[in-house]
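Here's the structure, in structure tokens; my notes come after.
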Amino acid sequence: MIIVNNIAKAYGDVQAVRDVSFQADDAKISTLLGANGSGKTTTLRSISGLLKIDGGGVTVDGIAVTEHPMQAQARLGVFPDSFGLYPRLTTREHLAYFAEFHGLTAAPLEAAIEDVCAKLNMADILDRRTEGFSQGQRMKVALARAILHKPGNIVLDEPTRGLDVMNIRLLRRILLDLRDAGHCVLLSSHVMAEVEALSDHVVMMADGVVCADGTPSELVALAKQANLEDAFVVLTGQQGSAKRNVA
Amino acid sequence: MNRMAFIVYRKEITDMMRDRRMLIAAFSFALLGPVFMGVIFMLTQDSEAESRQTSLAIANMNQAPGLVAFLEKADIAVVPYSDGEAIAQLPEGADAVLNLPANYGVMLEEGRMIVGRLYVDESSKAGIRRGRQLERTIDGYSSYLASMRLTARGVPPAIVRPIVTSKFDLSKESFVAQTMSGMFLMLVIMAPFIGGLAVAVDTLAGERERHSMQPLLAQPVSAAEVILGKLAMVSTFSIASTLLALTTFLLAISLVPAGTLPIALYLNLYTVPFIVLQLIPFAVLIAATQLFISIQVKSFKEGQSYISMFMMVPMFVAYVKIFGAGKLSESAFYLPILAEMESLGSLIFGGEISLSHMVSSFAVAVLGTVVLTKLTAKKLESEVMLDAA
């Protein structure tokens with residue numbers, strides 16, 4: 001479970017996020033929904049222990065990220081905004097490298113690789129160097145890297161960007177499986193259809209603040225609109241009043 | 001090394017060993033260095049062959065036994081010249097030809113002025129030097145004859161030659177030997193700079209450019225452990241390149257015919273371990289410095305530019321040592337790189353340990369590595385590392 005409590009972060013004069021609070025529960029898919037520059041990536045990076053926040057706090061399974069970043073990171077699987085692969089390493093080597101940081105070695109490591117390989121249907125690329133991989137293949141490696149060590153919490157920054165329909169469907173299935181297995185899944189997106197299809201809980205963000213927070217149907221009802229897209233436009237349009245809409 | 005740092009190290013080595021360009025960049029110097037040394041050796045051959053006797057061919061030599069004896073005493077090889085009057089070029093093996101008149105003996109006896117023509121070849125430095133040496137020696141013989149004649153007539157020679165000088169060379173080694181040994185040391189010192197260059201840029205600036213820094217920093221591994229693993233990898237390349245360069249240079253030197261090299265090398269079971277021990281911490285320091293530079297930049301290209309500029313440092317310092325050592329104070333030789341060169345020079349060319357320089361360079365290497373690695377790790381914790389250029 002991830003709890004974000006009143007976090008604030010500025011880059012120089014630019015206030016990226018302020019007073020952001022929400023909770024992402026286990027066995028649920030929570031989505032940060034917002035336009036480009038709304039503060040989604042800054043929020044996810046703060047959760048991943050990659051940023052030093054200016055105020056507030058984040059806990060992962062009760063562990064404060066600021067005070068104990070490595071303990072919190074041990075409970076996280078992170079799918080960053082860039083895949084960040086090593087072109088000269090094979091998929092297997094990528095997975096082994098990152099899994100070893102989480103203490104997996106020898107037979108358990110090999111078993112975990114085989115398991116994730118079957119889940120993501122990536123046997124054909126397992127022993128190939130990642131140089132020249134398609135966007136879908138890169139996504140699979142990055143996702144496998146994030147979930148191989150079976151973390152309780154998985155954080156994904158716009159995981160579907162650049163993917164074709166088949167890969168989006170595959171990703172969606174994996175995320176639903178993770179949720180069903182009890183993991184806390186937190187992702188960011190600005191694609192309404194994807195959010196609607198996946199999310200149990202949506203956190204709407206605009207200009208670095210949370211505008212609304214609830215299930216997709218609750219948010220639609222709150223905005224008195226026909227769908228989530230219209231609800232998003234209405235609810236994020238009110239952020240200038242600095243008022244949080246609670247569903 | 002701790003477990004996390006070792007995981008990083010192992011991955012980095014695998015990654016870098018797969019890039020042919022990295023390997024060429026790291027080890028080409030060690031393989032091409034001896035060729036470079038060979039070229040320097042050949043270029044200096046002309047002037048360094050000082051040990052060979054100067055040779056003079058004399059026309060009508062049989063007329064001048066006294067001159068011949070004087071020349072031979074001055075360590076000049078004298079051979080008769082009988083190729084005729086017209087001298088267009090020097091005969092094989094002779095540095096000059098002295099053409100004495102056919103009636104030299106008679107003219108000498110009668111006390112007449114003798115004009116001897118000295119033919120030299122001043123197209124090379126050695127030709128100029130040997131020609132001057134011969135001219136001076138023949139002048140010396142002329143002065144000797146004059147003083148004999150004055151003495152025979154009861155006139156002290158000091159009246160016509162009040163000052164006589166004798167030159168004594170106090171230098172430990174010739175300029176050529178100094179230059180050769182300095183160049184050799186420069187090449188050895190440069191090896192770690194070249195060995196670690198490409199991999200140091202790739203492992204930090206390259207990683208940042210590839211956006212792989214972010215997933216790495218999201219793992220439960222500290223910045224210090226990441227940097228330690230990367231330092232170990234760059235150091236491995238630096239040390240391997242340095243030791244390979246040293247080996248190939250020494251192999252190349254061993255192929256040079258004995259006695260033709262103007263420098264003596266002391267490479268034995270006593271000196272070699274110290275040479276290696278001296279070079280390893282130095283290579284690690286250079287690796288730490290290259291990583292420190294690499295983490296300041298956002299892209300591989302930018303990193304290459306700055307680290308290439310850093311390459312100028314050992315070259316500059318080495319040239320200062322070769323050409324301006326006399327103008328430096330004693331304390332200057334305890335500075336990084338200079339202390340290294342002094343210590344290595346004592347071991348390789350003197351066969352002895354210069355303890356003060358060795359301790360100084362070791363202390364600088366250890367201290368420098370610790371400080372630079374800490375600064376690099378601190379920088380890695382910075383948020384700017386998450387995004388590329």
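Letters A, B, ... are given to chains in the order of the sequence lines, protein chains preceding strands, and every chain is numbered from 1. Reckoned from all heavy atoms, side chains included, excluding hydrogens, waters and symmetry mates.
When only modelled atom types and interatomic distance are considered, A:Tyr11 and B:Glu383 share no side-chain donor-acceptor pair under 3.5 Å.
With rounding to the nearest 0.5 angstrom, the CZ atom of A:Phe83 is 11.5 Å from the NE2 atom of B:His211. Atom NZ of B:Lys11 is separated from atom CZ of A:Phe101 by 8.5 Å, given to the nearest 0.5 angstrom. In this structure, OH in A:Tyr97 is found 8.5 Å from CD1 in B:Ile7, a value given to the nearest 0.5 Å. In this structure, the separation between CD on A:Gln73 and OG on B:Ser222 is 10.0 Å, given to the nearest 0.5 Å. Taken to the nearest 0.5 Å, the OH atom of A:Tyr86 stands 12.0 Å off from the OG1 atom of B:Thr14.
Under a 3.5 Å cut-off, the side chain of A:Arg88 and the backbone N or O of B:Asp15 do form a donor-acceptor pair. The closest donor-acceptor contact from the side chain of B:Arg210 to the backbone of A:Pro87 lies at 3.5 Å or more, if one exists at all.
The 12-atom threshold is exceeded at CE of B:Met186, counting heavy atoms of other residues, nucleotides or ligands nearer than 6.0 Å. Within a 6.0 Å sphere centred on CD of A:Glu110, other residues, nucleotides and ligands contribute more than 12 heavy atoms. Heavy-atom neighbours of B:Tyr306 OH from other residues, nucleotides or ligands within 6.0 Å: at or below the threshold of 12. In the displayed structure, B:Lys379 atom NZ is contacted under 6.0 Å by more than 12 heavy atoms of other residues, nucleotides or ligands. The neighbour count for B:Phe27 CZ, taken as heavy atoms of other residues, nucleotides or ligands under 6.0 Å away, is above 12.
Among A:His149, A:Gln71, A:Glu100, the residue with the largest count of heavy-atom pairs under 4.5 Å with chain B is A:Glu100. Chain A forms the most heavy-atom pairs under 4.5 Å with one residue out of B:Arg10, B:Met16, B:Glu225, and that residue is B:Arg10. Most heavy-atom pairs under 4.5 Å with chain B: of the set A:Ala146, A:Gly49, A:Ser82, this distinction falls to A:Ser82.
Between A:Gly84 and B:Ser212, the shortest heavy-atom distance links the atoms O-CB, 3.3 Å. The two residues A:Leu50 and B:Ala218 come nearest to each other via the heavy atoms CD2-N, 3.7 Å.
Residues A:Met70 and B:Gln219 are not in side-chain contact: their nearest non-hydrogen atoms beyond the backbone lie 4.5 Å or more apart.
Salt-bridge annotation for B:Arg18 and A:Glu93: present, with a side-chain N of the basic residue lying under 4.0 Å from a carboxylate O of the acidic one. Looking at A:Lys52 and B:Glu381, no side-chain N of the basic residue comes within less than 4.0 Å of a carboxylate O on the acidic one, giving no salt bridge.
Looking at A:Leu51, the atoms closer than 4.5 Å to chain B (heavy atoms on both sides) sit in the backbone and in the side chain alike. Contact annotation for A:Arg45: only side-chain heavy atoms (C-beta onward) come within less than 4.5 Å of a heavy atom of chain B. With a threshold of 4.5 angstrom between heavy atoms, A:Thr105 approaches chain B through side-chain atoms but not through N, CA, C or O.
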